[in-house]
Amino acid sequence: MRYSRSLIPTLKEDPGEAQVVSHRFMLRSGMIRQLASGVYTWLPIGLRVLRKVENVVRREMNAAGAQEVLMPAVQPAELWQESGRWAKYGPELLRLKDRNDRAFCFGPTHEEVITDLARRELRSYRQLPANFYQIQTKFRDEIRPRFGVMRGREFLMKDAYSFDLDEAGLEQTYQAMFAAYRQIFLNCGLKFRAVEADTGAIGGAYSHEFHVLAESGEDVIAFCDHCQYAANLEKATSGPLPPLAEVPVDPMAKVSTPGRKSIAEVSEFLGVDPRRTVKAMVVESDLGAFLLLLRGDHEFNEIKSRNALGAQWLKLAEPPRAAELAGTSTGYLGPVGATLPMVADLALEGLDGFVCGANEVDFHRTGVRWERDLPRPRFADLRAVAVGDPCPRCAEGRLEQARGIEVGHVFKLGYKYSQSMGVAVQGPEGGEVTPIMGCYGIGVSRIVAAAIEQNHDANGIVWPMALAPFQVQILLMNPTDAPSAAAAETLYAELLEAGVEVLLDDRDERPGVKFKDADLLGIPLRVLVGGRSFKEGMLEVQDRRGGAAERMTPQEAAQGLMNKVRDRLRQETGAHGSTTL
RNA sequence: CGGGGUGUGGCGCAGUCAGGUAGCGCACUUGCUUUGGGAGCAAGAUGUCGGGGGUUCGAAUCCCUCCACCCCGACCA
């Protein structure tokens, strides 16, 4: 492609609305433009990257035996009413009416459509297992779209849906998808981790998320430094904590702690280890209000607590509301004499002689002992794991944490849709069998942003070869200089002929402008044609990642670049195997 | 939905408090010079000041109203 004939509207200045690196560079490099909140146009350079990701995904899905289809973006309400989601899905579902006043929605996902297809077309167990996928534009009317295409309302997603005869078959399909996903992210040249995830309201057997590791990630994942264990912080558990050193326990006492409300203040004032304190927090849920107890140095996790209590929803009460429910203002709440039903974190099970609020302003209790001073409450896993906690899977490991961007999710759906929508095939013994389903998503447009979060420097994007909009950029320094212009044209033609993806910067611009734009665009290999080295009969090949330029003659450049492209693709693919499951 | 903020040329912004006929930098056009990291000089084009209504001799500026976008929070099969 010729730069001079392309729409690559790079920006010198940072657009004000961009908060994260990927969004900034996508706007500045002219990959995307915003049309409405969370809705973007993909310009030529951006679209090329998007297509690269699509193709990596498509290749592996096909290799794993999935069949590509394309379902409608607009779906009739009837289908959603049938599955019950028309009522359950909130304002996130974009609802439409046609001219006859019939209700539709713009699909945020396609379980209903695929299940409808399956019940119409699948007749026999011999057609199973079947796995269908599509790469489709989805729309979810997110409450708060942000970070450009990272969390847009309209986005490109690969979604796959599998149908198996039984649980064992689903397990096999699931494993095949898991393996395909690993290969996809390896092929994209990304550092990622597969983590165990919260299964949410669907409550399937288990599910895994794939996270691209990046500082700006919206999710926190915990992983073992020793074994393969990795889980979303919303789900991660720790092994049993080592018991604290035994200390003599005095009788329970009430002590004055004027104005000391936080764990830090109380433990410092009383000269006690925060690990020997207990904090009490009031939560409200559909099951009513509870007093949750955690060790002073531990952090509450809403989702784990919700799951532990078996509640549909749960939230921390605001201090005034908490005081109203518990009868004492926050900062002095405690389990002794509490009126709300109590649940304590597992870490408190073996704690003895602890400090806690006295349910009286400006007073705490010390030397509190289960059974002697109050009945043992129900214990459950309520807290977020901390860095350094023991691994729940292996003896030696400690947990670490990292931030990640969720780019993929594999999920055992079970019979939820196949049953409610009546999918049935004839089984081997003649009777009807309801297939068991799985679903598998990949955020294609989100991967583009995630890749930039992971691969950039101060000057712009540093694309991995597999995702780069072009593999090679020819930087012709001065198009009015006939000899170097001719050399650039020749090299351009040779590379095109060889199937290398090449952008020829033939604009009549000063070299500085071209260098800056090239850095922004982040094309992995750059050939300088012109200037000093050309006078000596040489071209310079530069790597966007940095390092010294390599000189080549115009005659050997095409072959040399082809080799480099091939080496880079090989080297990057799978280079991060050690960081994955 | 609650809280905060911003809408002025393609982009980034000043001007709004103290109303007087719109400005700066970048980008764009033309010419000359320049050409290894976002050039210099000269000339030029580009604005419903988010929309509607009101006050006023006069509104980017004051008042009312609507809208869009951004940030924080709640939400997220």
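Letters go in sequence order (proteins before strands), and every chain restarts at 1.
Annotation: B/C17 and B/A59 have their C1' atoms spaced 15 Å apart (nearest Å). Only the C1' atoms considered, B/G5 is 15 Å distant from B/G50, to the nearest whole Å. B/U6 and B/A22 are spaced 25 Å apart, taking the P atom of each and rounding to whole Å. Here, B/C32 and B/C70 have their C1' atoms 44 Å apart, quoted to the whole Å. Using C1' as the reference atom, B/C66 and B/G25 are 33 Å apart when rounded to the nearest Å. Comparing the same atom, P, in B/C62 and in B/A68 gives a spacing of 23 Å after rounding to whole Å. With P as the reference atom, B/A18 and B/C41 are 40 Å apart, rounded to whole Å. B/G2 and B/A77 have their C1' atoms separated by 26 Å, with the value rounded to a whole Å.
Remark: A/Arg510, A/Pro511 in residues 502-511 of chain A come within less than 4.0 Å of RNA chain B through at least one heavy atom.
Atom CD of A/Glu215 is surrounded by 12 or fewer heavy atoms from other residues, nucleotides or ligands within 6.0 Å. In this structure, A/Glu68 places its CD atom where more than 12 heavy-atom neighbours from other residues, nucleotides or ligands lie under 6.0 Å away.
Evaluation of atom-type donor-acceptor distances gives no pair under 3.5 Å for the side chain of A/Asp14 against the base of B/G12. For B/G36, the base has a donor-acceptor partner in the side chain of A/Glu540 [N/O atoms by modelled type, under 3.5 angstrom].
The nearest heavy atom of RNA chain B to A/Thr109 and to A/Asn459 marks one nucleotide each, and the one closer to the 5' end goes with A/Asn459. Heavy-atom nearest nucleotides on RNA chain B were determined for A/Arg151 and for A/Gly531, and the one closer to the 5' end corresponds to A/Gly531.
Base-pair partner of B/U55: not found among the strands shown (Watson-Crick or G-U wobble, both distances under 3.5 Å). Partner assigned to B/G38 is none, using Watson-Crick or G-U wobble distances below 3.5 angstrom. Under the Watson-Crick and G-U wobble criteria, each requiring two contacts below 3.5 Å, nucleotide B/G23 is paired to B/C13. When both pairing distances are held under 3.5 Å, B/U29 makes a Watson-Crick or G-U pair with B/A43. Checking B/G2 for Watson-Crick or G-U wobble geometry (two distances, each under 3.5 Å) identifies B/C72 as its partner.
Among the nucleotides B/C76, B/G36, B/G38, the one closest to the side chain of A/Met477 is B/G36. Listed nucleotides B/G25, B/G36, B/A77 differ in distance to A/Glu13; the shortest reach to its side chain belongs to B/G25.
In this structure, A/Glu154 contributes its side chain and A/Phe139 its backbone to no donor-acceptor pair below 3.5 Å.
Aromatic ring pairs are classed by plane angle as parallel below 30°, tilted from 30° to 60° and perpendicular above 60°; the pair A/Phe178 and A/His208 is perpendicular.
Taking a cutoff of 4.0 Å between a charged side-chain nitrogen and a carboxylate oxygen, A/Glu218 and A/Arg146 qualify as a salt bridge. Salt bridge status for A/Glu13 with A/Arg28: absent, with no side-chain N to carboxylate O gap under 4.0 Å. Of the charged side-chain nitrogens involved, none lies within less than 4.0 Å of a carboxylate oxygen, so that A/Lys158 and A/Glu54 do not count as a salt-bridged pair. Taking 4.0 Å as the cut-off between side-chain N and carboxylate O, A/Lys138 and A/Asp159 count as a salt-bridged pair. The residues A/Arg2 and A/Glu489 are annotated as salt-bridged, a charged nitrogen and a carboxylate oxygen being separated by less than 4.0 angstrom.
Rounded to an integer number of Å, the gap from CG of A/Leu11 to C1' of B/C26 is 11 Å. Straight-line distance from the CG atom of A/Leu475 to the P atom of B/G36: 12 Å, rounded to whole Å. When the P atom of B/G36 is taken as reference, atom NZ of A/Lys516 falls 15 Å away, rounded to whole Å. In this structure, A/Met26 places its CE atom 18 Å from C1' of B/C11, rounding to the nearest Å. Atom CZ in A/Arg306 sits roughly 10 Å away from atom P in B/C75 (whole-Å rounding). Remark: C1' of B/C76 and CZ of A/Arg85 are 13 Å apart, rounded to the nearest angstrom. B/C11 atom P lies 14 Å from atom CG of A/Leu43, rounded to whole Å. Atom-to-atom, CD of A/Glu92 to P of B/C1 comes out at 15 Å; the value is rounded to the nearest Å.
Aromatic ring centroids of A/Tyr440 and A/Phe411 lie 6.0 Å or more apart. Separation of the A/Tyr161 and A/Phe132 ring centroids does not fall under the 6.0 Å cut-off.
In terms of heavy atoms, A/Thr109 sits closest to A/Gln75 at O-NE2, 3.3 Å.
Contact annotation for A/Gly90: no contact, since no heavy-atom pair falls under 4.0 Å across all strands. Using a 4.0 Å heavy-atom cutoff across all strands shown, A/Arg24 reaches no nucleic acid atom at all. Across all strands, A/Asp481 comes closer than 4.0 Å to no nucleic acid atom at all (heavy-atom distances). Among the heavy atoms of the strands, none lies under 4.0 Å from A/Arg33.
Contact between the side-chain N/O atoms of A/Lys88 and the OP1/OP2 oxygens of B/A77 is not found at any separation under 4.0 Å.
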Scan nucleotides 69-74 of chain B against the protein and return all N/O pairs shorter than 3.5 Å with their distances rounded to 0.1 Å.
| residue | atom | partner | partner atom | Å |
| --- | --- | --- | --- | --- |
| B/C69 | OP1 | A/Ser37 | N | 2.9 |
| B/C69 | O3' | A/Gln34 | NE2 | 3.2 |
| B/C70 | OP2 | A/Ser37 | OG | 2.9 |
| B/C72 | OP2 | A/Arg144 | NH1 | 2.5 |
| B/C72 | OP2 | A/Arg144 | NH2 | 2.2 |
| B/C72 | O5' | A/Arg144 | NH2 | 3.4 |

